[in-house]
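Each remark here refers to the structure printed beneath this line.
Atoms within a ligand are numbered from 1 in the order they appear, just like the ligands themselves.
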Amino acid sequence: MQEHYYGNPPRIERGWRHHMASTDGRAYLDMVNNVTPLGHAHPRVERAVARQLRRLNTNSRFHYAAVVEFSERLAALLPAPLDTVFLVNSGSEAVDLAVRLAIGATGRHDVVALREAYHGWTYASDAVSTSIADNPNALASRPDWVHTVDSPNPYRGRHRGEDAKAYAAEAVRTVEELAAAGRAPGAFISESFYGNAGAVALPDQYLAQVYAAVRRHGGLTVADEIQVGYGRLGSWFWGFEQQGVIPDIVTVAKAMGNGHPLGAVITSRAVAERYRDQGYFFSSTGGSPVSSVAGLTVLDALRDEDLQGNAVRVGTHLKARLEGLARRHPLIGAVHGAGLYLGVELVRDRVTLEPAPEETAELCDRMLDLGVVVQPTGDHQNVLKIKPPLCVDRAAADFFTDTLDRALTELR
Ligand SMILES: Cc1ncc(COP(=O)(O)O)c(C=O)c1O
């Protein structure tokens with residue numbers, strides 16, 4: 001039941017920095033692995049985790065320094081009043097817990113989510129996942145406590161360009177209508193930069209306006225930073241900074257452990273304390289000594305190797321080169337994104353924006369033949385999502401662009 005990338009997936013057995021190697025001796029440039037921001041097989045993580053495995057790995061009801069240090073380091077990355085950390089093992093768990101925290105703290109059971117979203121596979125994180133690419137029945141089968149608002153996509157949505165400000169007004173209206181019907185939402189959840197829709201920045205002021213409406217009616221706001229946070233966007237460590245807002249609850253995972261299972265929910269003490277009304281929080285391996293050491297080492301390496309800076313430098317170069325390709329290949333409708341989270345959107349017609357999913361799939365297969373791992377995203381599966389390890393260098397960015405140029409030329 002576990003699905004793969006590709007109809008005929010290569011058997012990948014090794015990784016090094018932003019490269020992967022298969023058992024039949026091929027090397028690939030990895031343009032999708034946002035779970036390994038430091039790059040594959042990072043020696044510092046390997047040494048730290050091995051050392052900790054030799055010393056102690058146990059459940060988090062014991063008291064040890066690493067869990068405290070890691071939690072403090074995480075909290076220090078967030079603005080006040082976000083100072084209280086729950087450690088879990090994955091993004092789905094983090095979103096599930098965030099939804100439970102919001103429901104627990106507000107006593108309200110309705111949640112507003114964006115369409116075209118993916119937030120995880122557990123009951124609550126799946127309930128707020130609305131992407132029809134992941135689940136064709138998603139919109140017809142949400143539980144009645146989940147209310148969806150339009151995917152605020154300024155490129156291909158119902159409101160484009162300057163008109164994209166209408167998305168916030170519509171989402172605010174949904175919140176007001178729910179409140180008027182006695183179902184004011186306990187939470188609004190969204191990615192803070194729309195990764196799942198293809199690395200699309202939310203319209204200016206979108207989160208500020210929607211968060212204000214949700215809070216006016218006593219609800220809490222959740223920023224899912226699982227894909228876009230942790231320095232990947234280059235200019236911002238967290239996606240919500242790009243929107244100039246501070247959420248009530250932040251979910252993080254993927255990048256945190258460089259592939260080791262690790263996730264977190266960070267909120268204010270006031271919200272966290274309400275969790276006690278629902279029981280107590282315990283996750284056997286969430287924040288274990290090994291997980292905490294992995295998390296600390298990732299933060300140290302991100303800082304020491306200036307990988308957020310690298311996301312700006314290489315990401316800016318890569319985006320400019322991709323925009324250059326767009327001038328020559330009409331199939332490229334737009335290049336979205338920031339830092340090292342980019343999306344190349346493929347369309348059959350730049351006026352109608354008819355999506356090109358078959359062409360996108362064909363390109364991904366051809367790119368694999370040519371030694372590059374890249375995959376589609378979005379409800380139409382027509383956006384190449386580009387989210388490589390943050391150590392990717394300029395030479396790799398050039399190789400990627402040249403290979404895409406070749407594959408696009410052959411496609412024509
Ligand atoms: C935005 C977002 N939220 C949550 C998740 C779920 O994370 P995990 O796969 O670690 O459970 C994902 C996974 O792709 C994601 O992209």
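- Protein heavy atom in closest approach to atom 3 (N) of ligand 1: Asp224 OD2, 2.7 Å.
- There is no side-chain donor-acceptor pair under 3.5 Å between Asp96 and Ser125.
- The closest side-chain donor-acceptor pair between Ser192 and Glu225 falls under 3.5 angstrom.
- At least one N or O atom of Ser92, backbone or side chain, sits closer than 3.5 Å to an N or O atom of ligand 1.
- Nearest protein heavy-atom contact of atom 10 (O) of ligand 1 is Gly91 N, 2.8 Å.
- Remark: of the listed residues His19, His18, His40, His40 is the sole one forming a side-chain hydrogen bond (donor to acceptor under 3.5 Å, both in side chains) with Asp30.
- Counting heavy atoms under 4.0 Å from ligand 1, residue Glu191 touches it through the side chain alone.
- From the protein, the heavy atom lying nearest to atom 2 (C) of ligand 1 is Tyr118 O, 3.3 Å.
- To the nearest 0.5 Å, the span separating CG on Leu139 from CD1 on Ile132 amounts to 6.5 Å.
- Of the candidates Arg274, His109, Arg108, His109 is the only one forming a side-chain contact (heavy atoms from CB on, under 4.5 Å) with Ile103.
- Protein heavy atom at the shortest distance from atom 4 (C) of ligand 1 is His119 O, 3.2 Å.
- Considering both main-chain and side-chain atoms, Ala253 never comes within under 3.5 Å of ligand 1 through any nitrogen or oxygen pair.
- Evaluated by nearest non-hydrogen atom to atom 14 (O) of ligand 1, the leading choice among Glu93, Gln227, Lys254, Glu225 is Lys254.
- Taking the six-membered ring for Trp and the full ring otherwise, the centers of Tyr341 and Phe193 sit at least 6.0 Å from each other.
- Under a 4.0 Å criterion applied to the non-hydrogen atoms of Ser90, ligand 1 contributes the atoms 10 (O), 11 (O).
- Counting the atoms of ligand 1 from 1 in the order shown, those under 4.0 Å from a heavy atom of Ile226 are 2 (C), 3 (N), 4 (C), 5 (C), 12 (C), 15 (C).
- Ionic pairing of Arg73 and Asp300 is present here: one or more N-O contacts between side-chain nitrogen and carboxylate oxygen are shorter than 4.0 angstrom.
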